[in-house]
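Proteins get letters first, then strands, A, B, ... in listed order; numbering begins at 1 in each. As a basis for the values below, the full set of heavy atoms in this structure was taken, side chains included, without hydrogen atoms, waters or symmetry mates.
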There are 2 protein chains.
Amino acid sequence: MRASDRAYDTLRQEILDGVLTPGTLLGEVDQAERLGLSRTPLREALSRLIADGLADQTKGRGTLVSSISAADVDLLFELRLPLEVQSARLAAERGDPRRFSALAERFSAAEKILRSRERQRDHTQDHAEEDEHYYALTEELDEAVSDAVANPYLSHSLRSMRAHLVRARRLAQHEPERLAASAREHREVCTAIASGDAETAGAAMLIHLRRSLAYITAQHETAQSAQQHRSLTPNREEPPA
Amino acid sequence: MRASDRAYDTLRQEILDGVLTPGTLLGEVDQAERLGLSRTPLREALSRLIADGLADQTKGRGTLVSSISAADVDLLFELRLPLEVQSARLAAERGDPRRFSALAERFSAAEKILRSRERQRDHTQDHAEEDEHYYALTEELDEAVSDAVANPYLSHSLRSMRAHLVRARRLAQHEPERLAASAREHREVCTAIASGDAETAGAAMLIHLRRSLAYITAQHETAQSAQQHRSLTPNREEPPA
DNA sequence: GTAAAGCCCTATGTATACATAGTTGACTAG
DNA sequence: CTAGTCAACTATGTATACATAGGGCTTTAC
C-alpha cells in the first residue's frame, strides 16, 4: 500500500471520528512527521481530503479541517433523502431477496434488545458495545444496498455524503428509544426491498429519513437551549485575559 | 494560480471535450512536459482526476483516462434523476422568481428559433453556433438552480455527475427536433420554479429527464445497429498485420 | 499610546534526484 | 518453434532541497 493512501485513510478516519476537530490546522510538516512520511505523499492525501470536502485550504494559513455544524444536517439530508430513496427503490428491483430478508430478521432481533433496554429504563449501564453492534448492522445494510444497486456513480455520491453525515451526527447522541424505532424502520425498509416492491421500499426509506432528521433536529434544539441556559448563568472558569 | 490547478483544469476539460479519449495513458513525464510543469504538481492534478472518477490508476501501467460507454448513461441518469428533481423542488421553494421567469422567456425564444429551423428542414446549414448558444442557456439554468438551492453538498454531487454526463452525451448527437422539445421542457421547468410550486417543478424536471434519456437511448440504439451493419459489411481499411 | 510600515520567519509550491517495482523483450532450453 | 526465465529499462512512489509568498512581530513615528 502506498504511503499517500495510508495517510489519506488515517486522516480521513481521524476527521470522521472527531479526533481532528473542525478548524484544526493540518500543517504539512507536522502531519508528515506524525504519520512518518514525507511531505510529497502527505500533500496528495490532503488534495484528496480537499476534494472530498473534508478539508479546506486557505490562502495563507494552510489546510484546515472543514467546519461542520448542526445547520449542515439539514443540507445533508436534502441530498441524502433523494439518494437513499432512489437506492432503496433500485435495490428492491435488483437485490437478492434472501440477503435483505436476513437483514430484516437481524434488525427485528436488534429492535427487541433495544426495546427491552428501554422498558427497563436501563440508562445506568453502559451499552456502548450494543450500540456499536447496531451501527455495524446499519452499515451492513448500507453495503447490501450499495451492492444491490450496482451503480458506481450513485455509490460514490452516497459514500461522499455519508462521510459528512457521520461528522454531523457526532454532534448528537442517540437515545435508546430512538435506536429501537430506527431498528423498526430499518426492518421495514429491508422487508420492502426483499419483497421487490420499489415504491414501498422508497416510501419506507423516506419515512425513516424524515424521522431521523426530526429526531436529530429536536436533539440539536435541546442542546441549543441548554447552551443558552449556560450562557445566561455564566460561570467563568477562565480568568479574563 | 497554482500550476497544479492549471494542470487539473486543463486535463479535466480535455477529458470532458473528448480530446483525451478513454483509455489514453496519462504518463506523468509526458503530461508534465506537455503542460510545462514538473511531475509533482501534475501528480496532484492526477489525484484529483482519479477522485473525480475521470481517471483510473492501474498498478503497473500508470493512470488512464477512465472509460465511458452508452451503458453508463443509464447509470448516470439513475443518479441524475433524483438529484435534479430534488434541486428543482428546492429551487422552487427558495429561488428568485424573476430570475427563473427571465430564463423561461429565453427558453421560449430559443424554442421558436429551433422550431423554425425544424420546419424549414434546414439541415444543410451549419447551426453549430446556435446550438452552442442553447447549451450555454441550459448551463445558465443549471447555475441558477444551483444558486437557488444554496446547498454545497447537493451542488457538489451535481457537478461531479455532470462531468461524467458530458462525456457520455458526447457519444450521441442531438437533432434539431429534440433540441426544440428540450427547450420547451426547460421552459416548463423554469415556469414551475418561478411560480414557487415545488411539486410541479419536480414533475416538470422528471418529465424532461425521462424524455432526454429516452432520446439518448434511442440514439444509441440507432448508432449500435449502424455499427452492426458496418460489421456485417467490413471494408478493411487497414492491411492485416 | 496607538497605528502603520518594514523585516524576518515560517509554511506552502515546485523541482529534481533517488529507490523500487513492474513490464517487456530477448535469449536459452526443451 | 514455443515457452519460460532472467535481465534491463522505464515509469511510478518517495524524499529532499530550493524558491517564494504571506503573516506576524517588532520598531518607529506621530
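- Residues that satisfy the side chain to side chain contact (heavy atoms under 4.5 Å, CB included) test with B/S157, not counting sequence neighbours, are A/L79, A/S157, B/L83.
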Grab the N/O contacts between the protein and nucleotides 19-22 of chain D below 3.5 Å, and write none if there aren't any.
none

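- Under the salt bridge (Lys or Arg N to Asp or Glu O under 4.0 Å) criterion, A/D30 pairs with no residue at all, not counting sequence neighbours.
- Between B/L25 atom CG and D/dT10 atom P there is a gap of 15 Å when expressed in whole angstrom units.
- With sequence neighbours left out, the side chain to side chain donor-acceptor pair (under 3.5 Å) criterion links B/Q86 to no other residue.
- For B/L64 and D/dT12, the CG to C1' distance is 13 Å, given to the nearest whole Å.
- Near DNA chain C, defined here as any heavy-atom distance below 4.0 Å, the residues from residues 28-49 of chain B are B/L37, B/S38, B/R39, B/T40, B/P41, listed numerically.
- A/R34 meets the salt bridge (Lys or Arg N to Asp or Glu O under 4.0 Å) test with A/E14; sequence neighbours excluded.
- Whole-Å rounding puts the B/R2 CZ to C/dT14 C1' distance at 11 Å.
- Residues that satisfy the side chain to side chain contact (heavy atoms under 4.5 Å, CB included) test with A/T21, not counting sequence neighbours, are A/T24.
- B/R169 pairs by the side chain to side chain donor-acceptor pair (under 3.5 Å) definition with nothing, not counting sequence neighbours.
- With sequence neighbours left out, the ring-ring contact (aromatic ring centres under 6.0 Å, His included) criterion links A/H164 to B/Y153.
- What separates OH of A/Y8 from C1' of D/dT14 is a distance of 20 Å, to the nearest Å.
- With salt bridges taken as basic N to acidic carboxylate O contacts below 4.0 Å, one links A/R162 and A/E84.
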